[in-house]
Asks: 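Here you go, one structure.
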There are 2 protein chains.
Amino acid sequence: MTLQQLEYVLALEKTRHFVRAAELCGVTQPTLSAMVQKLEEELDCKIFDRSRQPIEVTEIGTQIISQAQVIIYQANQLKESIKSTKEELTGTLHLAVIPTIAPYLLPRFIASFKKLYPELSLKISEMHTDTIIEKLRIAEIDMAILSTPLDDPKILEVPLYYEKFAAYISPTEPIYKRTELSATDMPLDKLWVLEEGHCLRNQVFNFCHEKPLQSSTYEAGSIDTLVKIVDLNGGYTVIPELHIELLSESQKLNLRSIVNPEATREISIVIRHDFVREGVINAVAECIKQIIPAHMLDTRLKKFAIRL
Amino acid sequence: MTLQQLEYVLALEKTRHFVRAAELCGVTQPTLSAMVQKLEEELDCKIFDRSRQPIEVTEIGTQIISQAQVIIYQANQLKESIKSTKEELTGTLHLAVIPTIAPYLLPRFIASFKKLYPELSLKISEMHTDTIIEKLRIAEIDMAILSTPLDDPKILEVPLYYEKFAAYISPTEPIYKRTELSATDMPLDKLWVLEEGHCLRNQVFNFCHEKPLQSSTYEAGSIDTLVKIVDLNGGYTVIPELHIELLSESQKLNLRSIVNPEATREISIVIRHDFVREGVINAVAECIKQIIPAHMLDTRLKKFAIRL
DNA sequence: ACCTTTGCATAGATAATAACTATACGATTA
DNA sequence: TAATCGTATAGTTATTATCTATGCAAAGGT
């Protein structure tokens, strides 16, 4: 049984005439005849009584036709629903990402998303949280990925994952020998931090329960730079979990877990409340969730999240 | 889009594995791969995300799969419902027909019915109304075609058609010159009737408002005989409408319509009330209705029907 | 009674496609 | 780096849907 055979049957039911039904289906009469016969053979019952003119539908044929109509209708519904869903997933999506997430996530996300939704053209920018909020408000961007909560009533947050912080320690430091560290083990004087604007900077200060008295000698523009500074100048810094994958094997030896408390940051998709393309939100969210390791999706980690 | 492609997709959804899905469908992996790809191409969207292991269903894929399940379910329902309907239309049907209907109807009915329902084996007997009622009660027959109403509470009547009576007049009779006749024009002394047992005999008497005082010289066993008697011995008789088709062209000249009142008999299918094979009743009824001329199906003719 | 028309089925050829085997390729893992 | 797993691709074969041409039966007209 094929959908086409059912369509032939329905055309025949409409026209009660093989030649006209064939025309309706865009095939020749013998083709339609043969296909209807084949279906009748498969179902092992006559659908049409050809001994009458015009042909009549048999008792059982009536039943078959009404069920065939259901099937064909549902098949058309399938195509229809795809069409309306796809319209959502076309056009352009302006997406912003904070710099402390971008290096790991973006290359993977772009590759994966382009493959799944080739119709949706992505415009991605890297910017700090406050710029994102501003541009989101004026609709210059549609969506952003950053650390939450923002506590902004105009902005909707869709949590994605929870990322632990890790300490990156220079071998020259005494605390290098420790396997686990807590906030108090890392005084500010030897803590390298990102320059102002990065939410990660604030989170580190919040976590250490200290405020910087004065700006340090040097504040880095990226985590990558931060790590290189520690390598060359000693001291320590704090980096997010996903950045670990970007370190070399020897650099990974300088990592120490942070405990008591465990520190995480919540990463979310944020949009304006009036953003209507719900399918796009799901598409982006699902795509990202597939990229990051499964254990980071555990919402129980939310309780360790450091606020901005 | 074909039903088979949808089944491949559903198998893939179950297994999340091309090789195992292919096994499930009884085809090779490249076949299933190609068919799924083809469907994705036709619908112009990816259903599965193959970049993950095990493969995952896309956002839109979830939607497609749930609709595909509906379609496949409905397709299976079609086959199921045919099966249950067909079971009704198998086995044996014991059918009885009264002799004044049989000659015209049976040859046509048997041919047509066998073609439509080859699985149902027909056993047909000719018998008089009272025998039919008796055998129906003891379930020796399942169904009968006869003249109604019977007014029997155990028997259910399904009216089929209404058959007029026609007068068959010998050219030797004075009333031969008339084009129309009424009951009073045909006194009993020259009226040839069927032998006792035939309901048609009673209907003719009822119609003529007379009771036979004594049995006539000869009472015929069939309408065919009745006609031949008139041809050879003069007088007249009354025959049912459908029998006209069985007369020769020259015999048809001896026919006169009966008016004032028009006389008809109601022909029905009768069954016991406990007869369960509803599909069989419809099958027989529809088949007969296709055989007899359309004007005889007009239920307005019921008001001219002569009781038994 | 004969011919024509109408309408579906059948036969044989052809084009489309679903299926196969073998193999490449990409991603993980040892 | 090789081995393994899982899917895609290439090339071939088998199947089948479709075509054109024709047969055949029934109904209608002359």
Side-chain angles (χ1 to χ4, degrees), chain A residues 1-9 11-42 46-58 61 107-108 111-112 114-116 118 245 249 290-294, chain B residues 1-9 11-42 46-58 61 107-108 111-112 114-116 118 245 248-249 290-291 293-294:
Chain A
M1 179 165 63
T2 69
L3 290 173
Q4 196 163 36
Q5 286 171 346
L6 295 181
E7 302 220 36
Y8 290 160
V9 166
L12 200 46
E13 198 275 333
K14 270 201 204 76
T15 60
R16 305 296 173 109
H17 193 280
F18 277 77
V19 175
R20 283 192 285 278
E23 273 168 20
L24 211 70
C25 297
V27 294
T28 58
Q29 171 265 314
T31 298
L32 191 132
S33 273
M35 285 299 99
V36 172
Q37 274 182 60
K38 192 170 182 182
L39 180 62
E40 287 181 326
E41 207 172 298
E42 182 186 340
K46 285 253 166 280
I47 301 171
F48 298 98
D49 179 3
R50 299 150 169 86
S51 70
R52 300 255 121 201
Q53 202 51 239
I55 55 169
E56 304 214 4
V57 178
T58 63
R108 292 162 177 80
S112 173
K114 279 279 169 194
K115 205 186 255 176
L116 290 174
E245 284 305 307
E249 287 308 307
Q290 287 184 5
I291 287 165
I292 65 147
Chain B
M1 179 167 60
T2 70
L3 290 172
Q4 197 162 35
Q5 286 170 347
L6 296 181
E7 303 221 37
Y8 290 160
V9 166
L12 200 46
E13 199 275 333
K14 270 201 203 76
T15 61
R16 305 294 173 111
H17 193 281
F18 278 77
V19 175
R20 283 192 285 278
E23 272 169 21
L24 211 71
C25 296
V27 294
T28 58
Q29 171 265 315
T31 298
L32 191 132
S33 273
M35 286 298 99
V36 172
Q37 274 182 59
K38 193 170 181 181
L39 180 62
E40 287 181 326
E41 206 172 299
E42 183 185 339
K46 284 255 166 280
I47 300 171
F48 298 98
D49 177 4
R50 299 149 169 86
S51 71
R52 299 256 120 200
Q53 202 53 238
I55 55 169
E56 304 216 4
V57 178
T58 63
R108 292 163 177 79
S112 173
K114 278 280 168 193
K115 205 187 256 176
L116 290 175
E245 284 304 306
S248 68
E249 287 307 306
Q290 287 184 4
I291 287 165

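Chain letters run A, B, ... following the sequence lines, proteins first and then strands; every chain starts at 1.
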Asks: Please report the closest heavy-atom contact between A:A11 and A:C25, naming both atoms and the distance.
Replies: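 Scanning both residues, the minimum pair turns out to be CB-SG, 3.5 Å.
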
Asks: For C:dA9 and A:S33 - does any side-chain N or O of the residue sit under 4.0 Å from the phosphate oxygens OP1/OP2?
Replies: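 Yes, because at least one side-chain N or O of A:S33 sits under 4.0 Å from OP1 or OP2 of C:dA9.
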
Asks: Write down the distance between CD (B:E40) and P (D:dT7), rounded to a whole number of angstrom.
Replies: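 Nearest whole value for this atom pair: 13 Å.
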
Asks: What string of B, S and - do you get for nucleotides 24-30 of chain D 5' to 3' if you count protein non-hydrogen atoms under 4.0 Å?
Replies: -------

Asks: Please check the phosphate of C:dC8 (OP1 and OP2 only) for any side-chain N or O of A:H17 closer than 4.0 Å.
Replies: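 Checking A:H17 against C:dC8: at least one side-chain N or O falls below 4.0 Å of OP1 or OP2.
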
Asks: Please list all pairs meeting salt bridge (Lys or Arg N to Asp or Glu O under 4.0 Å) that have one or both residues in residues 28-41 of chain B, counting only residues at least two apart or in different chains.
Replies: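 Those involving residues 28-41 of chain B are B:E40-B:K46, B:E40-B:R50.
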
Asks: I need the CG-P distance between B:L12 and D:dT7, as an integer number of Å.
Replies: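 In whole Å, D:dT7 P and B:L12 CG are 8 Å from each other.
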
Asks: Rounded to whole Å, how long is the line connecting atom CZ of A:F18 with atom P of D:dG23?
Replies: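 One finds 21 Å between P of D:dG23 and CZ of A:F18, rounded.
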
Asks: Per the side chain to side chain donor-acceptor pair (under 3.5 Å) rule, what does the pair list look like for residues 15-27 of chain B, sequence neighbours excluded?
Replies: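 Every side chain to side chain donor-acceptor pair (under 3.5 Å) pair that includes a residue of residues 15-27 of chain B, provided the two are not neighbours, is B:E13-B:R16.
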
Asks: Would you tabulate the nitrogen or oxygen pairs shorter than 3.5 Å linking the protein to nucleotides 15-18 of chain D?
Replies:
| from | atom 1 | to | atom 2 | distance (Å) |
| --- | --- | --- | --- | --- |
| D:dA17 | OP2 | A:K38 | NZ | 2.4 |
| D:dT18 | OP1 | A:Q4 | OE1 | 3.4 |
| D:dT18 | OP1 | A:Q4 | NE2 | 3.3 |
| D:dT18 | OP1 | A:Y8 | OH | 3.1 |
| D:dT18 | OP2 | A:Y8 | OH | 3.2 |

Asks: Find the distance B:Q29:CD to C:dA19:C1' and express it as a whole number of Å.
Replies: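 About 13 Å, once rounded to whole Å.
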
Asks: Taking atom P of C:dG7 as reference, at what distance in whole Å does atom CD of A:E56 sit?
Replies: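 It is 15 Å, rounded to the nearest whole Å.
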
Asks: C:dA18 P sits how many Å from B:E42 CD, rounded?
Replies: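 In whole Å, C:dA18 P and B:E42 CD are 10 Å from each other.
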
Asks: Over all strands shown, is B:Q37 touching base, sugar-phosphate only, or nothing at heavy-atom distances under 4.0 angstrom?
Replies: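 Result for B:Q37 = sugar-phosphate.
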
Asks: Is there a side-chain contact between A:F48 and A:T58 in this structure, where contact means two heavy atoms from C-beta onward sitting under 4.5 Å apart?
Replies: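 Side chain of A:F48 against side chain of A:T58, heavy atoms only: no contact under 4.5 Å found.
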
Asks: Would a 4.5 Å heavy-atom cut-off, applied to side chains only, mark B:L12 and B:I55 as touching?
Replies: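 Answer yes - side chains close enough.
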
Asks: Rounded to whole angstrom units, what separation is found between the CZ atom of B:R52 and the P atom of C:dG26?
Replies: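 Spelled out: CZ on B:R52 to P on C:dG26 is 18 Å.
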
Asks: If only side-chain N and O atoms of A:R50 are considered, is one of them under 4.0 Å from the OP1 or OP2 phosphate oxygen of C:dA9?
Replies: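 Looking at the OP1 and OP2 atoms of C:dA9, one of them is under 4.0 Å from a side-chain N or O of A:R50.
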
Asks: Show every donor-acceptor pair shorter than 3.5 Å between a side-chain atom in residues 26-34 of chain A and any protein atom, with sequence neighbours excluded, or say none if there are none.
Replies:
| from | atom 1 | to | atom 2 | distance (Å) |
| --- | --- | --- | --- | --- |
| A:T28 | OG1 | A:T31 | OG1 | 3.0 |
| A:Q29 | NE2 | A:S33 | OG | 3.1 |
| A:S33 | OG | A:Q29 | O | 3.4 |

Asks: How close or far is atom P of D:dA8 from atom CG of B:L39, stated in whole angstroms?
Replies: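 From B:L39 CG to D:dA8 P: 14 Å.
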
Asks: Do B:Q5 and B:V36 have side-chain heavy atoms sitting under 4.5 Å apart?
Replies: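 Of all side-chain heavy-atom pairs linking B:V36 with B:Q5, none is under 4.5 Å.
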
Asks: What closest approach, in Å, do B:M1 and B:L6 show between heavy atoms, and which atom pair accounts for it?
Replies: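 Scanning both residues, the minimum pair turns out to be SD-CD2, 4.1 Å.
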
Asks: Who passes salt bridge (charged side-chain N to carboxylate O under 4.0 Å, His left out) against A:E245, sequence neighbours left out?
Replies: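 A:E245 satisfies salt bridge (charged side-chain N to carboxylate O under 4.0 Å, His left out) with no residue once adjacent residues are dropped.
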
